[in-house]
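Notes follow the structure.
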Amino acid sequence: MPIAEKDVHWIPEPKIGLADKLYLPAILQGVQTTMRHFFGPKITQEYPEVRPILPPNYRGVHRLNRDEQGRVKCVACYMCSTACPAHCIDIVAAPAPWPDREKYPETFVIDELRCIYCGMCEQACPCDAIELTSVFELTGTSREEMMFDKEKLLSLFDKTVQGGKDPVRTRSGTLSIASEPPP
């Protein structure tokens with residue numbers, strides 16, 4: 001069914017002056033922004049001496065959680081790997097040596113250089129085995145160092161638990177996870 005002629009509203013083409021054709025207003029806006037930043041107050045963060053205060057829902061380096069018995073909590077269901085838009089999670093499953101689960105990850109590797117830290121792996125995990133921590137100091141001298149295997153991810157769990165830096169998402173409260181104030 002075609003559109004009726006009375007329903008069509010024609011908008012006149014805007015008139016562009018010589019200044020707009022030469023991009024003068026845009027150039028002046030850019031110079032104004034530059035001058036505002038040049039003469040405005042300067043903010044210098046003296047990082048490593050002064051540690052930044054991160055928001056409670058900050059998403060940093062991944063960790064694999066342990067259960068109450070110290071075992072890896074992951075059941076190798078591939079939900080995190082499937083949900084990851086960057087395809088940076090690689091899992092190889094094996095039969096579990098424990099009677100309470102069917103399988104566990106024999107290898108679990110996250111390519112931290114490829115990851116976009118969106119948190120979809122964390123949301124997809126049905127057993128809360130993977131989390132994004134508040135650890136932001138991520139350095140490496142080669143690509144191989146940035147491939148975090150199961151042992152490195154479990155050591156991050158131990159490091160964050162000992163340091164009292166559990167992600168805010170591991171604690172429940174009355175507010176949603178992202179809106180809870182820091183402890």
Side-chain angles (χ1 to χ4, degrees), residues 43 45-183:
I43 300 171
Q45 291 185 349
E46 297 180 10
Y47 172 73
E49 291 83 18
V50 179
R51 308 288 291 176
I53 298 170
L54 300 173
N57 59 345
Y58 178 79
R59 295 190 298 237
V61 180
H62 301 81
R63 78 175 188 183
L64 269 180
N65 291 335
R66 295 183 187 272
D67 63 5
E68 296 80 24
Q69 299 162 352
R71 306 173 302 184
V72 63
K73 211 172 185 184
C74 178
V75 293
C77 66
Y78 297 98
M79 293 288 287
C80 59
S81 180
T82 305
C84 179
H87 304 293
C88 64
I89 301 174
D90 186 39
I91 304 170
V92 175
W98 312 292
D100 62 341
R101 61 179 88 166
E102 195 174 306
K103 54 187 177 173
Y104 82 109
E106 188 175 44
T107 62
F108 192 106
V109 179
I110 299 179
D111 185 353
E112 295 288 345
L113 292 177
R114 195 171 190 179
C115 180
I116 59 173
Y117 301 96
C118 63
M120 291 183 73
C121 57
E122 186 178 33
Q123 292 174 4
C125 184
C127 56
D128 296 327
I130 188 169
E131 286 183 310
L132 294 167
T133 65
S134 59
V135 177
F136 62 91
E137 299 158 324
L138 184 64
T139 59
T141 57
S142 66
R143 179 170 279 284
E144 289 78 27
E145 288 182 22
M146 302 307 287
M147 302 289 278
F148 283 29
D149 61 353
K150 183 171 72 170
E151 288 72 30
K152 193 167 186 177
L153 293 166
L154 287 170
S155 71
L156 274 167
F157 173 80
D158 298 334
K159 178 183 171 186
T160 53
V161 168
Q162 287 172 358
K165 293 184 182 178
D166 272 349
V168 72
R169 293 172 293 282
T170 60
R171 297 184 298 273
S172 61
T174 55
L175 301 173
S176 71
I177 291 166
S179 63
E180 287 188 39

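- Note that the CD1 atom of I116 and the SG atom of C88 stand 8.0 Å from one another [nearest 0.5 Å].
- Surrounding CD of E49 are more than 12 heavy atoms belonging to other residues, nucleotides or ligands, all under 6.0 Å away.
- Scanning all heavy atoms of the two residues, the minimum distance from S134 to L54 falls at O-CD1, 3.5 Å.
- Using a 4.5 Å heavy-atom threshold, the side chains of L156 and F148 count as touching.
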Exercise. Under the salt bridge (Lys or Arg N to Asp or Glu O under 4.0 Å) criterion, do D111 and R143 qualify, and how do the steps go?
Worked result: CA-CA 9 Å; D111 185 353; R143 179 170 279 284; 3.4 Å; yes
Problem set entry | Test log, rule side-chain contact (heavy atoms from CB on, under 4.5 Å), inputs R101 and D67 | CA-CA 12 Å; R101 61 179 88 166; D67 63 5; 3.2 Å; yes
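- Interatomic distance, SG of C77 versus CD of E102, reported as 11.5 Å (0.5 Å rounding).
- Residues I89 and C84 approach most closely at CD1-CB, 4.3 Å, considering heavy atoms.
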For this session: For side chain to side chain donor-acceptor pair (under 3.5 Å), just list the numbers for R63 and N65, CA-CA rounded to whole Å, side-chain angles, deciding distance to a tenth of an Å, and then say yes or no.
Result: CA-CA 6 Å; R63 78 175 188 183; N65 291 335; 2.7 Å; yes
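- W98 places a side-chain heavy atom less than 4.5 Å from the side chain of R71.
- In the displayed structure, K159 atom NZ is contacted under 6.0 Å by at most 12 heavy atoms of other residues, nucleotides or ligands.
- Side-chain contact between V50 and Q45 is absent, with no heavy-atom pair separated by less than 4.5 Å.
- The two residues Y117 and R59 have their closest heavy-atom pair at O-NE, 3.0 Å.
- In this structure, CD1 in I130 is found 4.0 Å from SG in C121, a value given to the nearest 0.5 Å.
- Annotation: side chain of Y58 is not in contact with side chain of P52 (no heavy-atom distance under 4.5 Å).
- The two residues C115 and H62 make their nearest non-hydrogen contact at SG-CE1, 3.3 Å.
- Between R114 and D90 there is no salt bridge, since none of the side-chain N atoms of the basic residue sits less than 4.0 Å from a carboxylate O of the acidic one.
- Ion pairing between a basic and an acidic side chain is recognised when a charged N comes within 4.0 Å of a carboxylate O; E137 and R51 show such pairing.
- Here the CE atom belonging to M79 is positioned 11.0 Å from the CD1 atom belonging to I91, to the nearest 0.5 angstrom.
- Smallest separation of non-hydrogen atoms from E145 and G140: OE1-CA, 3.3 Å.
- One finds the CG atom of D149 at 10.0 Å from the CG atom of L64 (value rounded to the nearest 0.5 Å).
- No more than 12 heavy atoms of other residues, nucleotides or ligands sit less than 6.0 Å from atom CD of E46.
- The two residues C127 and V75 come nearest to each other via the heavy atoms SG-CG2, 4.1 Å.
- L138 CG to M146 CE: the interatomic distance, rounded to the nearest 0.5 Å, is 3.5 Å.
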